[in-house]
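Being a predicted model, the structure only gives us computed values, none of them experimental.
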Amino acid sequence: MIPPVMTITLNPALDQTVMLNQLTTGALNLVESQCDIPGGKGINVARVVSDLGGAVSAGGLLGNNHRLLFEDYLSRHGVALRQICVEGSVRTNVKVVEQSTGQVTELNLPGLCVSDDVLQAVLDSVLRQPSGSLVAVCGSLPKGVSQQAFGEFLLAIRNAGHFLAVDTRGEALRTALSVKPHLIKPNLQELQELEGQKLTASQALDNATELSQSVDHVILSMGDSGAWFLAGGDCLHAQPDSVNIVSTVGAGDSLLGGYLFGLSHNFPLHQMAELATACAMEAVMQAGVGIQCPDQLERLRKNVIITSRRT
Ligand SMILES: O=P(O)(O)OC[C@H]1O[C@](O)(CO)[C@@H](O)[C@@H]1O
């Protein structure tokens with residue numbers, strides 16, 4: 001049986017992407033175009049898994065004021081809804097895309113404010129999943145959730161017999177590592193935060209290799225230098241073809257979505273790496289995430305260069 005995927009977003013966001021030629025700080029900037037898309041890491045991952053044809057549900061928290069908007073978005077994209085609604089609004093995260101350079105400046109707001117108790121309702125929704133589901137807990141924590149409650153939440157998911165993937169950063173990533181998840185997906189900056197120092201690419205890979213001694217799947221994303229995939233004693237590097245970049249927001253989420261789809265379908269590591277990397281490329285070619293055109297995805301996938309290194 002193909003295990004279903006469930007994503008958990010505890011701090012969803014309405015992503016407001018504004019495009020302008022060049023951002024000048026401390027001055028008036030005229031925006032050329034704008035689009036608002038429901039987002040947050042797990043929402044984006046779920047969208048990609050669904051676009052690839054996988055069975056996926058999106059859980060976590062949602063502010064009542066944005067419930068209809070998110071429900072409409074997710075159901076239009078074939079994602080089953082499992083969110084727990086709380087009072088208030090989700091945050092608006094502003095992404096300023098400079099068309100002259102492709103550079104993105106992100107202003108991510110703090111978002112929902114809840115208490116630890118709310119995690120129990122989210123956990124109940126995860127525990128209703130068939131055992132062996134792929135559960136991906138993604139993104140930052142809302143205000144009010146303690147590291148201790150987050151750690152217990154992750155442990156309960158793991159102990160229920162689910163595959164636990166965690167994509168977060170800072171203290172929350174440290175907490176996640178203490179419960180030995182099955183998968184993590186740090187980028188270079190997140191690994192540096194974890195280590196408390198700057199890392200060269202090769203130091204980051206050494207670090208990821210060390211993490212892979214206790215985490216079954218480690219994905220290290222390195223932006224336009226591709227990504228490293230470490231699992232089962234293998235270590236692969238995937239280098240994408242260069243594409244026209246619109247916005248890099250959601251590329252990491254798409255990488256994870258492609259990988260989880262491959263994992264649920266038992267793909268070998270090199271195929272997961274190819275698919276995940278092609279999904280990330282799809283994301284950078286647009287202002288949101290999602291697989292716009294299967295033929296294009298296939299072209300991108302074929303152009304991914306995989307090299308292997310023994311760990
Ligand atoms: O939960 P975090 O880490 O604050 O990140 C949220 C942001 O990340 C994204 O998922 C992109 O990775 C955006 O959709 C969202 O605005």
Side-chain angles (χ1 to χ4, degrees), residues 6-19 31 33-51 56-77 79 81-97 104-115 118-119 122 125 136-145 150 153 165-173 176 185-187 189-190 193 221 246-257 279-280 283-284 286-290:
M6 181 179 199
T7 69
I8 303 295
T9 313
L10 295 173
N11 201 9
L14 189 61
D15 283 343
Q16 183 169 85
T17 304
V18 296
M19 306 268 187
V31 169
S33 66
Q34 172 207 331
C35 68
D36 295 356
I37 306 173
K41 297 202 184 316
I43 305 280
N44 294 340
V45 173
R47 161 86 196 264
V48 171
V49 173
S50 178
D51 284 0
V56 58
S57 54
L61 299 175
L62 201 52
N64 260 329
N65 299 343
H66 287 104
R67 187 171 63 82
L68 293 178
L69 186 74
F70 276 70
E71 284 182 358
D72 173 60
Y73 174 79
L74 290 170
S75 53
R76 264 190 297 119
H77 293 290
V79 177
L81 312 165
R82 300 281 182 270
Q83 282 125 329
I84 307 299
C85 283
V86 296
E87 280 299 300
S89 305
V90 306
R91 59 199 164 143
T92 296
N93 283 348
V94 182
K95 320 285 176 182
V96 182
V97 179
V104 183
T105 303
E106 298 190 60
L107 302 170
N108 286 2
L109 277 71
L112 296 170
C113 185
V114 294
S115 67
V118 84
L119 288 186
V122 179
S125 71
V137 179
C138 306
S140 56
L141 300 184
K143 274 193 285 186
V145 169
F150 183 55
F153 170 75
V166 185
D167 180 17
T168 186
R169 68 192 303 165
E171 270 313 296
L173 176 55
K185 190 208 69 61
N187 58 30
Q189 204 189 343
E190 289 158 357
E193 281 170 15
S221 55
V246 175
S247 160
T248 50
V249 175
D253 306 340
S254 302
L255 188 82
L256 181 58
C279 289
V284 303
Q286 54 183 311
V289 301

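The shortest non-hydrogen separation linking Val48 to Gly290 is CG2-N, 4.2 Å. Nearest approach of Ser57 to Arg82, heavy atoms of both residues: CB-CG, 3.7 Å. The minimum heavy-atom distance linking Val90 with His66 is given by the pair N-ND1, 3.1 Å. Taking both residues in full, the closest heavy atoms of Val97 and Ser247 are given as CG2-CB, 4.0 Å, listed atom of the first, atom of the second, then distance. Phe70 approaches Ala13 most closely through the heavy-atom pair CZ-O, 3.4 Å. Of all heavy-atom pairs between Thr7 and Gly42, the closest is OG1-O, 2.9 Å.
In this structure, Asn93 contributes its side chain and Gln16 its backbone to no donor-acceptor pair below 3.5 Å. Checking side-chain atoms of Arg169 against main-chain N and O of Glu190 turns up no donor-acceptor pair under 3.5 Å. Within the 3.5 Å criterion, the main-chain N or O of Glu71 finds a donor-acceptor partner in the side chain of Ser75.
For the atom pair CG of Asp253 and SG of Cys279, the computed distance is 11.5 Å after rounding to the nearest 0.5 Å. From Leu112, atom CG reaches atom CG of Leu141 across 11.5 Å, with rounding to the nearest 0.5 Å. Here the straight-line distance linking atom CG of Leu62 with atom CG of Leu10 works out to 12.0 Å at 0.5 Å rounding. Considering CD1 of Ile8 and OG of Ser125, their distance stands at 5.0 Å, rounded to 0.5 Å. A distance of 7.0 Å separates CG of Leu109 from OG1 of Thr92, quoted to the nearest 0.5 Å. The CG atom of Asp167 lies 8.5 Å from the CG atom of Leu173; values are rounded to the nearest 0.5 Å.
Residues meeting the ring-ring contact (aromatic ring centres under 6.0 Å, His included) test with His77, sequence neighbours left out: Tyr73.
Here the side chains of Ser221 and Lys185 are in contact, with some heavy-atom distance below 4.5 Å. Residues Pro38 and Leu74 are not in side-chain contact: their nearest non-hydrogen atoms beyond the backbone lie 4.5 Å or more apart. Looking at heavy atoms from C-beta onward, Thr17 lies out of side-chain contact with Ile37 at the 4.5 angstrom threshold.
Here the options are Asn44, Asp51, Val45, the test is side-chain contact (heavy atoms from CB on, under 4.5 Å), and the partner is Arg47; only Asp51 passes.
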task: In sequence, state the C-alpha distance, the side-chain angles, and the governing distance for Val246 and Gln286, and then conclude on side-chain contact (heavy atoms from CB on, under 4.5 Å).
output: CA-CA 5 Å; Val246 175; Gln286 54 183 311; 5.5 Å; no
task: Show the numbers, then the answer: is there a side-chain contact (heavy atoms from CB on, under 4.5 Å) between Leu256 and Cys138?
output: CA-CA 10 Å; Leu256 181 58; Cys138 306; 4.0 Å; yes
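Classification of the Phe153-Phe150 ring pair by plane angle, with boundaries at 30° and 60°, yields parallel.
Counted by atom type alone, Lys41 and Asn11 present zero donor-acceptor pairs between their side chains at under 3.5 Å.
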